[in-house]
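First up is the structure itself, then whatever we jot down about it.
Keep in mind that the numbers below use all heavy atoms, side chains included, and drop hydrogens, waters and symmetry copies.
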Amino acid sequence: ICPACQGAFVKIRGPVCFKCGKHLQDQTKEYCNDCQKTHHLFERGLALYEYNSVSRAMYGYKFSGRAEYGQYFGRQLAIHFAGYLKKWQIQAIVPVPLHKKKLKVRGYNQAYLLAKSLSDYTGIPIYDKLIIRQRNTKPMKELDPKSRQINLKNAFIMGRYDVKLQRVVIVDDIYTTGATIDAMSKVLKDAGADRIYFLTLSIGRGL
């Protein structure tokens, strides 16, 4: 990544929501409006960049075949959040899975590449077959918050039951409402996991 592009990526800095990690404009608040109203199943999450600052790079990463971006961005996640992973005592990194039809079209899972790079740099094992996406859901960007929850109902199932993990971090490229993280958190908790966290490459601003 050239210095000009690196400088264009705006990192999330405090104050942030104690739950989802969105930047808060009101420094007196502890939680964003969404997290005040929504009961999330995860413990906490953090994001690296403001979405608008990396949207062009993200589009190339997801839809224009720039799979090589995953290694760089995963390394950045490791550099900035390795301390949190240690504090959270994370045992496993789990990328948000793609449905097999979407994976065939895209050629790779962008969340997996981020998670694999993060795993390589931190030494925390990656479990990319732990959860399977059994339904080919609609693109989340087209849906409102309630429709997102309906869209993800029964979308994920456990792919492996022989692994007992208590502390897991889910990795994805973007956080919006948390519907995907919550859906995966439910599956993991139903299988016996105790605490679920997440890391994402980008996130919008909170209110």
Side-chain angles (χ1 to χ4, degrees), residues 1-27 29-35 38 40 42-88 90 93-98 106 108-122 124 126 139-141 145 148 169-182 184 196-207:
I1 305 293
C2 69
C5 285
Q6 279 187 325
F9 299 156
V10 179
K11 294 184 176 69
I12 300 293
R13 303 191 185 280
V16 299
C17 175
F18 284 179
K19 194 70 173 177
C20 73
K22 287 181 181 176
H23 173 76
L24 295 176
Q25 298 177 19
D26 186 346
Q27 298 186 18
K29 287 186 175 182
E30 293 184 346
Y31 300 96
C32 67
N33 288 351
D34 176 64
C35 289
T38 306
H40 291 298
F42 55 83
E43 298 298 319
R44 188 181 180 187
L46 294 167
L48 183 55
Y49 300 116
E50 290 185 7
Y51 173 73
N52 288 340
S53 74
V54 294
S55 59
R56 289 182 63 188
M58 296 245 326
Y59 185 88
Y61 179 42
K62 293 177 68 172
F63 304 115
S64 298
R66 303 311 300 260
E68 68 272 18
Y69 289 6
Q71 184 176 9
Y72 170 79
F73 284 131
R75 180 171 180 266
Q76 295 306 305
L77 288 175
I79 289 171
H80 288 85
F81 298 132
Y84 283 95
L85 297 178
K86 185 176 181 179
K87 178 182 177 181
W88 296 340
I90 296 300
I93 298 171
V94 178
V96 173
L98 282 181
R106 186 170 297 170
Y108 57 90
N109 177 0
Q110 74 279 358
Y112 167 78
L113 295 180
L114 289 173
K116 178 63 168 61
S117 181
L118 178 64
S119 174
D120 290 343
Y121 283 105
T122 62
I124 300 172
I126 180 174
M140 298 290 276
K141 63 183 179 180
R148 288 171 187 248
V169 64
I170 297 170
V171 174
D172 203 2
D173 58 310
I174 184 171
Y175 178 99
T176 47
T177 66
T180 299
I181 306 298
D182 278 330
M184 289 184 62
I196 312 300
Y197 300 86
F198 76 82
L199 294 180
T200 61
L201 184 61
S202 65
I203 197 168
R205 280 180 169 267
L207 299 174

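Distance alone, capped at 3.5 Å, is enough to place a donor-acceptor pair between the T38 side chain and the D34 backbone. S53 places a side-chain N or O within 3.5 Å of a backbone atom of E50 that can act as its donor or acceptor partner. In this structure a side-chain-to-backbone donor-acceptor pair under 3.5 Å is present from T122 to L118. At least one donor-acceptor pair under 3.5 Å links the side chain of R106 to the backbone N or O of K62. A distance-only check finds a donor-acceptor pair linking the side chain of S119 to the backbone of I124 [under 3.5 Å]. At distances below 3.5 Å, at least one donor-acceptor pair connects side-chain atoms of S202 with backbone N or O atoms of D173.
Considering only residues two or more places apart in sequence or on other chains, K19 meets the side-chain contact (heavy atoms from CB on, under 4.5 Å) condition with C17, Y31, C35, H40, F42. Residues passing the side chain to side chain donor-acceptor pair (under 3.5 Å) test with R56, sequence neighbours excluded: none.
Between the CG atom of L201 and the CG atom of L77 there is a distance of 6.0 Å, given to the nearest 0.5 Å. The distance from atom OG of S55 to atom OH of Y49, rounded to the nearest 0.5 Å, is 13.5 Å. The distance from the CG atom of L46 to the OH atom of Y197 is 10.5 Å, given to the nearest 0.5 Å.
Using a 4.5 Å heavy-atom threshold, the side chains of Q110 and Y69 count as separate. Proximity of M58 to Y51: side-chain heavy atoms (C-beta onward) are separated by under 4.5 Å at one or more points. The closest side-chain heavy-atom distance from I196 to I170 is below 4.5 Å. Under the 4.5 Å side-chain criterion, counting only non-hydrogen atoms from C-beta, P95 is not in contact with L114.
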Please tabulate, for the side chains in residues 5-16, all donor-acceptor contacts under 3.5 angstrom to protein atoms that are two or more places apart in sequence or on a different chain.
{"residue": "Q6", "atom": "NE2", "partner": "Y72", "partner atom": "OH", "Å": "3.1"}

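By the 6.0 Å and 45° rule, R75 stacks over the aromatic ring of Y121.
The aromatic rings of Y175 and F198 sit parallel, their planes meeting at an angle under 30°, below the 60° perpendicular limit. Ring geometry, Y84 versus W88: the interplanar angle falls from 30° to 60°, so the pair is classed tilted.
The neighbour count for Q27 CD, taken as heavy atoms of other residues, nucleotides or ligands under 6.0 Å away, does not exceed 12. The number of heavy atoms from other shown groups lying within 6.0 Å of CD (Q71) does not exceed 12.
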Tell me, with the steps shown, if D172 and L199 meet side-chain contact (heavy atoms from CB on, under 4.5 Å).
CA-CA 7 Å; D172 203 2; L199 294 180; over 6 Å; no
Chi angles and distances behind the side-chain contact (heavy atoms from CB on, under 4.5 Å) call for Y59, S64
CA-CA 7 Å; Y59 185 88; S64 298; 3.9 Å; yes
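Across all non-hydrogen atoms, the minimal contact from Y108 to R66 is OH-N, 3.4 Å. Among all heavy-atom pairs drawn from L113 and A67, the shortest one is CD1-O, 3.5 Å. Heavy atoms only, all atoms of each residue included: C20 and I203 are closest at O-CD1, 3.4 Å. Closest heavy-atom contact between I90 and V169: CG2-CG1, 3.7 Å.
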